[in-house]
Amino acid sequence: MSAPISPYPSAYDTAKADEIWALLGISSDDDDKIADLKAKSAAIFGNSPYLSSLAIRFTDEITSYLCSDLESELEKLFTEMAKARPDGETTNDLMAYLRNCKSKLALLTAVADVSNIWPLKQITKALSDFASLALDIGLSHLLHQRMKKGELNWPNGEAEAVTPSLGRNSGYFLLGMGKLGAGELNYSSDIDLIALFDPELVQYSGNKTPAQCYIKITQELMQIIEKRTMHGYVFRTDLRLRPDPGSTPVAISVYAAESYYHSMAANWERSAMIKASVVAGDRQAGEQYLQSLSSWVWRRHMDFAALKDIASIKNQIDRHYQQTDLAVGPDYNVKLGKGGIREIEFYAQINQLLHAGRHPNLRIKGTMEALRLLLKQELISKENTTALIEAYIFLRTIEHRIQMVNDEQCHSIPSEQEQIKRLALFSGFSSEAELFDAISIHSAKVSKIYAELLPNDQASGDTLCSEMSVQQQLAENSFPNIEGCLSAIKDWRSGKYRALYTDRAKRLLDQCLPSLIVAFSKTDNPAAALMRFDKFLKQLPAGVQLFSLLQSNPSLFKLLARVMGLAPALAETLAKKPTLWDMVLEPHFFEPIEDHQFIKQDLEIRLSAARDFQDVLDFVRIFVAEQKFRAGIHLLESIASVEEVGSALTRVADVTLELLVPAVEREFSRRHGTFPGGGIAILAMGKYGGKELTHTSDLDIVFLYHVEGECIASDGEKSLSPSQYYSRLGQNIITAITALTSEGRLFEVDTRLRPSGSQGPLVVTLKTFEDYYENSAWTWEHMALTRARLILAPKAMHAPLERAIETVLTKAREEKSLVQAVHDMRTKLFSEFGSTNKWAVKHCQGGLVDMEFICQYLMLLHGNGHPNIFTPTLSKAINKLNGIGALSDAEQTGMHAAHEYMQQIQSLLRLSVGSAPASGEDIPEGLKLIMLQTTQKKNFAELENQLAKHQDFIYKLYQSLIETAANQIA
């Protein structure tokens, strides 16, 4: 804060302060203690006529609050309120009791606040907890009346006294909205409520309908809480945040509310629902209801168009209060004014709506907690976070001082000079000028930070209103085929495509069009990029989100143009999943993809928000698609090497299986139970085993299972034998990975490398696995096993499985039969998949397959004497083989160079065009530039020549080590 608020402000009305002090009659032999208590008393009662009136009524209580531990006093008050109410208590008696409790709470929290004994969060929580408790007591009183009459069932079938928990199974609940829902009530706050009931849970047997019963209960409860009596009131209440308040009763069914939110609700209502909490009644029913709304509140994509709607609310407030400039002085509203509390709350909520769809840990109620978590995720800056939290604490404290004076729901600096002086003193300042200066410093920071978040609700950006102006800009930016480009743009603007049906989408497109044209003009072939964008728009399901995202983040135009110009396959993916663009705005997007533990924790947090198994399937698909997209951009922009991307994609796949497989097991066990101590194991094979995944790679996996002891059947309702159980579980895992949900497919899976191939059982025991590889496996299957890598397994199976693999790989082999079998397999593969096209770098002569065969052959040949040479990663295998002399230094260097070069070519081609081109002429010019940059070649002819040299080197090495020896044997 600019000027700290003194825990003992000076008294404005010293006479009143002396009067109350005399009334309290506090005495002590400790002069320092007396002086401290008197100063504290003066700070409160010399500034607040309202609190002075309460002190006269509750002398004993205020004396205890001034002299005792306030947390203990609060606990004592709440404990007393939670006790059973007297049998036969009238509504009027209960109302008097609750109002007296509220008065005591007002005194207690005033002492804690003005004396700076409690921080803001503790003060607002105490006020919010009291509101929830009071609502529960009032509701229980009304439910009890109807339960005694037999209209409603008792919670457990037997009569109970009136306690706060009486409504626990009623099917009726109250949502606290705004500050109550967030646990942030201010000193004289209204409470915003929504009353709901679940017709399936309500057990009503009266003469009316359940809806009429709970409408009446709601009306009566509001009277209990807000009616002014000789004892005051508990809280002012507001039910206008319920769905369609102008035409709905004060209590509605959860089904009517859900239908409204999913079909008619405005965007600001999403923002309001962030803070919604169950504050009274049936907590379980309320939590289930809020969970059902979570997918509506927390969109999976960043909907900047919706957020501008929300931001426009603040602009409307500004206009209503004529807050066009920041002017702190008399009548300044610390809540709704420029730079006020509402802007801090909106800043947190807007960022939550932007990011919490993908970061479930951001789905919290409190403003300061949200800001701190946004900082932790590096979504907002430390400087902004500090400024906003300090301003929030300061302005909320000033708001409390304003309200404490006369218990008014007011947020504005007084207009009268004397009242301003009272507020300044009460807030710990010596003059009005100091107060205004302190508020100005904080509100100026808040206003600046909020203004940078989103523009106001006025349309912004240049637009191209006529066909002539579009044609002129195309010409100015040197577009070839202007006529074709103009025709495509004309189709966009006419709303020909589904993504551009709405006027809003077309308006946003018009605002983005100038920037799009400039961005496409920077690509190697602007017309081709624009036409690819045309194809992208044809497939796009909706355009508002994409264009609002682009308009709000102009830096994305360049990246969009590069994807359209250089990576058709990636553009195809984006057309199906346009929300992947949201990833680019993540603070870590352009940094190296994180380690295994970080990725796993990220996915675990996301899966924690899953409501059911279908959510799990969708969430992992979203996660993998985002990481693949991120890795693709890293490769396209030369941020990461092919090896780094392959390793990153492998980490993503590993983490996905580590978390998805247990979820499948849990789902499967609901019906079929489990085998205690047993479980399924997964071996990664091929490129997956070697940590060399590309964007189009399948997952080659092998399943095994383990059962403890002599278990013959699972312990579920529909028990299965071990082989049946794990075979079905394995199939369920494959389905979970490959099934096409609304979020697409996770990976393709290939299980043909299992024992006996596609003819064998899907899942086998370790004993079957060992017997097969010892007695029946072909040499090529032993070769494939060199790339095996254990992903997950039951603890009891982990070490034995690795030993079994090592035993198979390190057994002694006869060189002639080995080399003959290896070459026969390569000949068979080449006849089926081989190519003379150098761009088919996997199966061409001297390609990646030949390189793998060389390493696998040499590892099997020398493994008996050198068991440590086995590794699924090809680059490491080359080094290990060199280490034992199986490859010379020159061969090691040549293989590394060829492997890296061909991996670069293959990965870029798969990412950009999806498959191997027939010739170099079919590679887009822009992609050629990236390939030159990646391989560090001067021109494309040199790149082609180098590729041919690497393949020639590998093929000659294959011939010298394998082919020649095999032919001599033959």
Side-chain angles (χ1 to χ4, degrees), residues 1-4 120-121 178-179 182 184 267-268 271-272 274-275 302-304 306-319 321 323-329 332-356 359 362 364-399 411 413 436-458 460 548-549 551-555 585-587:
M1 290 187 201
S2 298
L120 174 67
K121 182 178 178 180
K179 286 184 167 59
E184 297 174 341
N267 279 316
W268 68 264
S271 176
I274 288 177
K275 295 183 181 295
M302 296 180 183
D303 189 351
F304 279 87
L307 294 176
K308 287 180 182 177
D309 287 348
I310 296 167
S312 71
I313 298 169
K314 181 60 177 64
N315 296 321
Q316 293 169 20
I317 292 170
D318 288 346
R319 288 193 291 272
Y321 286 94
Q323 301 282 357
T324 55
D325 297 305
L326 183 59
V328 174
Y332 172 75
N333 192 308
V334 297
K335 176 182 178 181
L336 302 177
K338 282 277 191 180
I341 296 166
R342 180 57 54 86
E343 287 189 357
I344 302 172
E345 293 171 338
F346 271 35
Y347 184 91
Q349 287 173 281
I350 287 172
N351 273 293
Q352 284 179 280
L353 289 173
L354 270 174
H355 301 291
H359 298 283
L362 293 175
I364 57 174
K365 318 294 183 185
T367 301
M368 290 190 290
E369 291 86 347
L371 291 170
R372 291 187 181 106
L373 274 178
L374 287 163
L375 170 63
K376 187 175 180 180
Q377 294 280 351
E378 298 184 25
L379 297 168
I380 61 177
S381 71
K382 183 176 182 179
E383 181 184 7
N384 283 359
T385 304
T386 301
L388 291 173
I389 289 177
E390 287 183 352
Y392 184 78
I393 293 171
F394 178 83
L395 293 173
R396 285 297 307 268
T397 304
I398 297 298
E399 179 184 51
H411 312 276
I413 305 294
F436 291 145
D437 286 346
I439 295 175
S440 295
I441 290 170
H442 287 293
S443 57
K445 291 179 182 179
V446 172
S447 182
K448 181 177 182 294
I449 293 168
Y450 180 79
E452 292 169 350
L453 177 61
L454 283 177
N456 61 28
D457 56 354
Q458 300 300 314
S460 61
S548 60
L549 176 69
Q551 188 193 30
S552 299
N553 301 274
S555 62
L585 300 182
E586 288 290 308

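Index from 1, following the sequence.
The main-chain N or O of S443 is never found under 3.5 Å from a side-chain atom of S447 such that the two would form a donor-acceptor pair.
Atom CD1 of I439 sits about 4.0 Å away from atom CD1 of I413, to the nearest 0.5 Å. Taking NZ of K376 as the start and OG1 of T385 as the end, the distance is 13.5 Å to the nearest 0.5 Å. The structure places CD1 of I441 at 8.5 Å from CZ of F394, a figure rounded to the nearest 0.5 Å. Between the CD1 atom in I274 and the CD atom in E345 there is a gap of 11.0 Å [rounded to 0.5 Å]. Summarising the geometry, atom OG1 belonging to T367 is positioned 8.0 Å from atom CZ belonging to R396; distances are rounded to the nearest 0.5 Å. A distance of 11.0 Å separates CD1 of I341 from CD of E343, quoted to the nearest 0.5 Å.
Minimum heavy-atom separation, V328 to S440: CB-OG, 3.3 Å. Nearest approach of V446 to A391, heavy atoms of both residues: CG2-CB, 3.5 Å. In this structure, I393 and T397 approach most closely via the heavy-atom pair O-OG1, 2.6 Å. What you find for K338 and Y332 is that their closest heavy atoms are O-OH, 2.6 Å. Y347 and I380 get closest at one heavy-atom pair: OH-CG2, 3.5 Å. Smallest separation of non-hydrogen atoms from L362 and A356: CB-CB, 3.8 Å.
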Verify salt bridge (charged side-chain N to carboxylate O under 4.0 Å, His left out) between E184 and K275, making sure each step is shown before the conclusion. CA-CA 10 Å; E184 297 174 341; K275 295 183 181 295; 3.8 Å; yes
Evaluate the criterion side-chain contact (heavy atoms from CB on, under 4.5 Å) for residue pair L379 and L354; output intermediate values, then yes/no. CA-CA 10 Å; L379 297 168; L354 270 174; over 6 Å; no
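When the options I364, L371, L373 are evaluated for a side chain to side chain contact (heavy atoms under 4.5 Å, CB included) with Q352, the one that passes is I364.
Every residue two or more places apart in sequence or in another chain that forms a salt bridge (charged side-chain N to carboxylate O under 4.0 Å, His left out) with K448 is listed here: E452. Residues that satisfy the side-chain contact (heavy atoms from CB on, under 4.5 Å) test with E383, not counting sequence neighbours, are S381.
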